[in-house]
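Input: a single structure, listed below in structure tokens.
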2 protein chains.
Amino acid sequence: MESNTPLGRKVTVRDIAAACGVSRATVSLVLRDSPLVNKDTRARVEEELRRQGYVYNRAAANLRRRTSSSIALVINELANPFFAEFAAGVDDVVGEAGMVTLLGSSSESPQREQAVLGSLIEHGPGGIILSPAEGSDARQVLAAVGARTPLLVFNRELSGEQPEYAHWDSLALDNQQGAREATAHLIAQGHRRIAFFGGHGDSSSCRQRRAGYREAMKAVGFPMAPHWEVECLPTRLDAARCAEALFEADPAPTAAVCYNDAVALGLMHGLAERGLAPGQDFALTGFDDIAEAALATPSLTTLAAAPRARGRQAAQMLLQRLRDPDAEARRIVAPVKLVIRASSCPPLA
Amino acid sequence: MESNTPLGRKVTVRDIAAACGVSRATVSLVLRDSPLVNKDTRARVEEELRRQGYVYNRAAANLRRRTSSSIALVINELANPFFAEFAAGVDDVVGEAGMVTLLGSSSESPQREQAVLGSLIEHGPGGIILSPAEGSDARQVLAAVGARTPLLVFNRELSGEQPEYAHWDSLALDNQQGAREATAHLIAQGHRRIAFFGGHGDSSSCRQRRAGYREAMKAVGFPMAPHWEVECLPTRLDAARCAEALFEADPAPTAAVCYNDAVALGLMHGLAERGLAPGQDFALTGFDDIAEAALATPSLTTLAAAPRARGRQAAQMLLQRLRDPDAEARRIVAPVKLVIRASSCPPLA
DNA sequence: GTACGTATTTGGAACGATCCAAATGGAGCC
DNA sequence: GGCTCCATTTGGATCGTTCCAAATACGTAC
């Protein structure tokens with residue numbers, strides 16, 4: 001604890017070895033808990049390590065051993081609570097494995113993403129977890145990451161041509177299954193005229209969710225009206241503004257599967273302004289299970305993706321890959337869980 | 001781009017040098033954009049670097065140069081949007097400076113914090129930004145960080161005895177001024193009976209905010225009733241549960257300064273359950289300006305701390321310290337800004 | 001006393017980049 | 001030719017750790 005060198009040079013194995021009258025190799029063995037070293041020697045060295053306030057230089061060790069003790073994590077938008085939770089989950093597992101997380105944020109810009117990947121890769125991470133920016137191109141990402149570093153892609157697909165030789169692991173959410181379940185749930189509640197509300201048509205998650213909705217409707221043979229599929233920005237404000245579109249033509253829907261929770265909450269607002277009581281006169285579901293969903297009035301039926309658990313899972317997948325670099329690439333689609341609350345009421349009698 | 005060594009050894013300066021018929025030193029000069037090297041040589045080397053898909057090994061360079069290219073960031077709770085924003089701000093600036101962020105999360109546990117600091121320090125960061133876990137002890141943190149690595153403490157104070165020899169920079173929020181302003185605003189609206197609601201009494205931020213509240217009340221000579229200071233967990237749920245406590249005795253308050261936004265939103269819920277309309281029958285303010293504050297009904301008057309800007313500022317302070325290690329320690333208290341919205345209505349006539 | 005086995009320790013050469021002092025090769029001048 | 005001057009290049013040592021093959025010490029059995 002007491003620092004004999006308050007501002008002197010950094011303490012190295014050499015200093016410890018000299019002070020104990022042993023060789024550097026012996027100190028190194030002590031540091032790595034080798035059973036080879038004598039009990040007394042070990043005690044003497046350990047005491048000296050403490051006394052001089054030695055800190056291990058992992059970078060030097062990694063250089064020599066050609067190993068890595070870090071994982072790079074590149075997030076499209078860290079400020080988004082969903083991804084913050086995800087990052088926390090990743091860091092949990094990475095930390096448990098005795099490694100550290102190198103963080104990078106791309107702010108949804110493929111250019112920034114390239115720069116960040118380039119910078120992180122120079123630090124020699126053992127692997128990379130990437131939640132791609134929208135529009136991030138597969139070839140470019142692979143060029144930046146290189147063939148040497150395992151890659152795990154989370155949440156979105158990389159766009160553009162997929163080079164066949166390159167294989168990476170991926171972890172995605174089962175958007176389609178989720179939307180299908182939500183739709184089926186509304187159908188089970190007795191609804192027949194169900195809308196799909198909100199989201200941006202081009203994004204892969206929106207396409208997948210809409211596909212799930214259509215699938216569920218087709219499965220029971222219910223017709224769908226064109227004006228039941230409403231696009232809007234994935235924000236509360238725009239969702240509230242677009243609520244009207246549902247009622248522009250007959251027949252009006254009695255329920256809606258919403259793109260996500262933000263949109264659902266916005267729609268609630270829009271409904272209230274039209275004099276409809278959400279959860280009573282009109283049923284709806286969300287997606288994500290954000291903190292607010294449980295607290296809204298009425299509380300929101302939604303699909304929980306458990307971002308922290310996904311983060312842990314992503315990290316585990318990558319660590320697994322480090323252990324077994326030649327295993328087949330894995331593409332895991334994590335199920336999402338329907339959380340039934342008050343907003344998905346039966347239709348009015 | 002084309003990788004001649006799809007799974008061969010890592011490409012090093014040595015390989016490039018050999019392929020170009022120059023020495024390692026020359027390649028190294030090219031890598032660092034030295035003006036010493038001949039134009040043609042440079043072109044030849046750069047071409048070869050590209051051809052072989054060379055990636056710079058920054059760890060090796062740092063070892064030799066005794067420099068660092070990373071900043072460690074240890075957050076008490078990364079999943080909290082406030083700190084996620086902060087982290088994003090830090091990473092922005094660190095990235096702009098060509099460095100990378102080493103991430104660690106302590107989950108509000110001083111033990112975890114110790115472990116995380118110990119692990120990160122081994123990677124030789126140039127400096128550390130720490131948002132301490134509640135109850136984190138100054139001596140222990142300093143022991144883990146060592147005297148060699150500059151430390152910047154954000155948001156909270158380290159508890160326990162403060163060793164005089166150790167100096168670190170700090171960046172805090174002006175909790176007291178914020179709460180004082182919020183209280184003064186409610187007073188200006190015409191309220192006389194104002195409560196301070198929520199938060200945990202022991203935490204430094206809660207103490208500071210309460211002090212600001214009391215100060216503002218004393219400044220105008222308004223009396224304060226004991227049951228107007230209600231403690232609760234800083235969560236929505238517990239806040240909703242504790243709302244009653246405000247009305248257990250006479251006289252009941254007509255407004256409340258809340259510990260933070262989560263608590264304020266919870267209190268709104270609790271009020272609604274008692275049949276009181278927040279923003280009409282009862283005024284309240286929050287602290288933090290989380291995304292939801294603007295969207296709640298009624299929209300929430302609160303104190304904006306601009307966490308992303310604080311993150312940028314913290315990183316800048318630390319980078320400044322790296323440039324000038326011997327400068328006086330700086331303790332900056334960042335002002336917070338009162339954002340007036342609908343929840344801080346005047347009292348009923 | 002020699003040989004052998006076990007337990008422990010060790011010097012030197014890596015890892016991949018950079019620093020440094022010194023070498024190289026012209027061009028220009030006397 | 002010999003000289004200096006300049007631009008450019010270079011081998012070897014070094015950063016802090018680990019690997020490796022070999023050395024040392026000490027019983028114990030023959």
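It should be emphasised that the depicted structure is a prediction, and the values quoted were computed from it without experimental measurement. All values below were derived from every heavy atom in this structure, side-chain atoms included, with hydrogens, water molecules and symmetry-related copies excluded. By convention in this document, chain letters (A, B, ...) are assigned in the order of the sequence lines, proteins followed by strands, and residues within each chain are numbered from 1.
No side-chain donor-acceptor contact under 3.5 Å links B:S204 and B:E157. Checking A:D91 against A:T101 by side-chain atom types alone, a donor-acceptor pair falls below 3.5 Å. A donor-acceptor pair shorter than 3.5 Å can be found between the side chains of A:S28 and A:R32. B:S109 and B:S106 form no side-chain donor-acceptor contact under 3.5 Å, judged by distance and modelled atom types alone. Checking B:D137 against B:S159 by side-chain atom types alone, no donor-acceptor pair falls below 3.5 Å.
The CZ atom of B:R32 sits 11 Å away from the P atom of C:dA17 (whole-angstrom rounding). Atom P of nucleotide C:dT9 and atom CG of A:L29 are separated by 9 Å, given to the nearest angstrom. For B:D33 and C:dA17, the CG to C1' distance is 16 Å, given to the nearest whole Å. One interatomic measurement links the two molecules: OH of B:Y56 to P of C:dA17, which rounds to 8 Å at whole-angstrom precision. Nucleotide C:dA17 holds its C1' atom 14 Å from the CZ atom of B:R66, rounded to whole Å. To the nearest angstrom, P of C:dT18 lies 14 Å from CG of B:L36. The distance from atom CG of B:L63 to atom C1' of C:dC19 is 13 Å, rounded to the nearest whole Å. When the C1' atom of C:dA13 is taken as reference, atom CZ of A:R65 falls 17 Å away, rounded to whole Å.
Where the helix from C:dG1-D:dC30 to C:dA27-D:dT4 starts and where it ends, the local axes point in directions that differ by 80°; five pairs per end, rounded to 10°.
Across all strands shown, B:T12 has heavy atoms under 4.0 Å from sugar-phosphate atoms exclusively, and none from any base. Nucleic acid contact for A:A61: sugar-phosphate only, since backbone atoms but no base atoms lie under 4.0 Å from a heavy atom of the residue. Backbone-only engagement by A:V22 is indicated by non-hydrogen atom pairs under 4.0 Å involving sugar-phosphate atoms exclusively.
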Candidate pair B:R312 and B:E96, rule salt bridge (charged side-chain N to carboxylate O under 4.0 Å, His left out), full reasoning: CA-CA 10 Å; B:R312 300 186 59 92; B:E96 282 162 19; 3.4 Å; yes
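Looking at heavy atoms from C-beta onward, B:H123 lies out of side-chain contact with A:Y56 at the 4.5 angstrom threshold. Counting heavy atoms from C-beta outward, A:Q114 and A:Q111 have side chains that stay 4.5 Å or more apart. Side-chain contact check for B:L63 versus A:N57: some heavy-atom pair is nearer than 4.5 Å.
For B:R24, the side-chain atoms get nearest to C:dT18 when compared with the rest of C:dG16, C:dT18, C:dC19.
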Between the protein and nucleotides 23-25 of chain C, list the N/O to N/O atom pairs that are separated by less than 3.5 angstrom.
none

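Both B:V37 and A:V55 lie close to DNA chain D; mapped to their nearest nucleotides by heavy-atom distance, the more 5′-ward contact belongs to B:V37.
The stretch residues 118-125 of chain B does not touch DNA chain D, since none of its heavy atoms comes less than 4.0 Å from the strand. Against DNA chain D, the stretch residues 13-21 of chain B makes no heavy-atom approach under 4.0 Å.
Reading DNA chain D from its 5' end, the first and the last nucleotide to sit under 4.0 Å from a heavy atom of chain B are D:dT8 to D:dG16.
Judged purely by atom type and a 3.5 angstrom limit, B:S68 uses its side chain to pair as donor or acceptor with the backbone of B:G126.
Salt-bridge check for A:D15 with A:K10: failed, with every basic side-chain N at 4.0 Å or more from each acidic carboxylate O. Using a 4.0 Å cut-off between charged side-chain N and carboxylate O, A:R44 and A:E47 make no salt bridge.
For the side chain to side chain contact (heavy atoms under 4.5 Å, CB included) with B:W168, the qualifying choice from B:I128, B:L158, B:L130, B:L152 is B:L158, the only one to do so. Considering B:V145, B:I71, B:L102 as possible partners of B:P125, the one that fulfils the side chain to side chain contact (heavy atoms under 4.5 Å, CB included) test is B:L102. Just one of A:L117, A:V141, A:D169, A:L318 meets the side chain to side chain contact (heavy atoms under 4.5 Å, CB included) condition when paired with A:L151; it is A:V141.
Aromatic ring orientation, B:F154 versus B:F86: parallel (interplanar angle below 30°, classes split at 30° and 60°).
Listed by chain and number, the residues in a side-chain contact (heavy atoms from CB on, under 4.5 Å) with A:A19 are A:E48, A:Q52 (sequence neighbours excluded).
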